[in-house]
A.B. asks: 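Got a structure for you, written out below as structure tokens; questions coming shortly.
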Protein chains: 2
Amino acid sequence: MKVSTKGRYALRIMIDLALNDNGKFISLKEIAKRNGISVKYSEQIISMLNKAGYLETARGNNGGYKLNRKPEEYSVGDILRASEGDLAPITCLEEDGQCSKKGDCITFSFWEGLDRAINDYVDSKSLADVIKG
Amino acid sequence: MKVSTKGRYALRIMIDLALNDNGKFISLKEIAKRNGISVKYSEQIISMLNKAGYLETARGNNGGYKLNRKPEEYSVGDILRASEGDLAPITCLEEDGQCSKKGDCITFSFWEGLDRAINDYVDSKSLADVIKG
DNA sequence: GCAATTCCTAGTAAAATGGTAGTATAATAA
DNA sequence: TTATTATACTACCATTTTACTAGGAATTGC
């Protein structure tokens, strides 16, 4: 039941982008350095956030990344799902992997409730909330 | 963020013990068979529940396991923590592994909140609740 | 053209997961 | 007392996942 480094670093990267936002693009090199993550690993993580449509990017010299929206408009749930994948605590609950025994599974609704508790929490917090602390 | 088979099977084993309770000891062989788990793997899992003090056991012929208390008196949280270990979503939050940067970690209280959401939910549900569905 | 940057894909060591296997110990029934 | 049935304990192992590293192609600004 652990969140992997991908999810944890993704959140840190998003926070870094929010805190250092000056309108210009911020290079991964800076972000990675500030957060003590290797540039190469950061690349993979930020790529997932980018593919999810959460960033604006520019290649080439003076390129980099910046946030697409205001920090209030990102839920941490979205950030974690983009980087970690589905947050469902058991595979039966994942979006595409529906369990065939779902109907007569005695534990199903318990796990469904846990899934809801987790997602409700992470969706109730915005990036701005995390920064405010 | 997945619950492992240990946690899932532990819950199933506890439910099986509750549903088939007739005052006598129930052998692992039966439990394992009913739940489609190997006897040997079940052994490891039930051993954790036993060490946590949740069962009464008897060795030898006609031996086996039975619940120690009423199904209402077990929280699923206890069962999962006994089988899965700490449910903390990040290691910094584990009971003994306290993070030194805790104070100035911008994400700490967010994860703390997630930890609370998870534990509050699983502790709010008893074994009896799961069985009732 | 060259330096700085993102984008994409492959590889890899270490750890965790999900088991199997063997043996010792205990209780009971014959 | 011996065979049988069970738990208790410990070691082992294959597969998968995690947490990276590495290399190179494409793009842009100067």
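Being a predicted model, the structure only gives us computed values, none of them experimental.
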A.B. asks: Do A:S126 and A:D129 have side-chain atoms, one donor and one acceptor, less than 3.5 Å apart?
C.D. replies: yes

A.B. asks: Side chain of A:Y41 only, heavy atoms from C-beta on: which candidate in D:dA8, D:dG29, D:dC20 is closest?
C.D. replies: D:dC20

A.B. asks: Please determine whether a side-chain nitrogen of the Lys or Arg among A:R81 and A:D123 lies less than 4.0 Å from a carboxylate oxygen of the Asp or Glu.
C.D. replies: yes

A.B. asks: Under 4.0 angstrom, heavy atoms only, what part of the nucleic acid is B:L28 near: base, sugar-phosphate, or nothing?
C.D. replies: sugar-phosphate

A.B. asks: In whole angstrom, what separates B:I46's CD1 from D:dC9's P?
C.D. replies: 13 Å

A.B. asks: So A:S47, base contact, sugar-phosphate only, or nothing? Heavy-atom distance under 4.0 Å.
C.D. replies: nothing

A.B. asks: Base of C:dT5, side chain of A:E30 - is there a donor-acceptor contact under 3.5 Å?
C.D. replies: no

A.B. asks: Looking at D:dA26, does its base get a donor-acceptor pair with the side chain of A:R59 below 3.5 Å?
C.D. replies: yes

A.B. asks: In plain terms, say whether B:R8 and B:E84 are close enough for a salt bridge, that is, a side-chain N and a carboxylate O under 4.0 Å apart.
C.D. replies: no

A.B. asks: Could you tell me whether the phosphate oxygens of C:dC7, OP1 or OP2, come under 4.0 Å of any side-chain nitrogen or oxygen in A:T57?
C.D. replies: yes

A.B. asks: For A:T5 and A:Y41, test the side chains for any donor-to-acceptor distance below 3.5 angstrom and give the result as yes or no.
C.D. replies: yes

A.B. asks: For B:E94 and A:K2: C-alpha separation, side-chain torsions, deciding distance, then whether salt bridge (Lys or Arg N to Asp or Glu O under 4.0 Å) applies.
C.D. replies: CA-CA 11 Å; B:E94 282 176 3; A:K2 290 280 181 290; 2.9 Å; yes

A.B. asks: Please figure out whether A:A58 or A:E43 has its closest DNA chain D nucleotide nearer the 5' end.
C.D. replies: A:E43

A.B. asks: Give the rounded distance in Å between these two atoms: CG of B:L49 and P of D:dT7.
C.D. replies: 14 Å

A.B. asks: Need one value for A:Y65: base, sugar-phosphate or nothing, where a base atom within 4.0 Å counts as base even if backbone is also close, heavy atoms only.
C.D. replies: sugar-phosphate

A.B. asks: State which of C:dT5, D:dT4, D:dC20 makes the closest approach to the side chain of B:N61.
C.D. replies: D:dT4

A.B. asks: When all nucleic acid strands are considered with a 4.0 Å heavy-atom cut-off, which category describes A:K2: base, sugar-phosphate, or nothing?
C.D. replies: nothing

A.B. asks: Round to the nearest Å and state the distance from B:K51 atom NZ to D:dC9 atom C1'.
C.D. replies: 7 Å

A.B. asks: More 5' along DNA chain D: B:K40 or A:V3, using each one's nearest nucleotide?
C.D. replies: B:K40

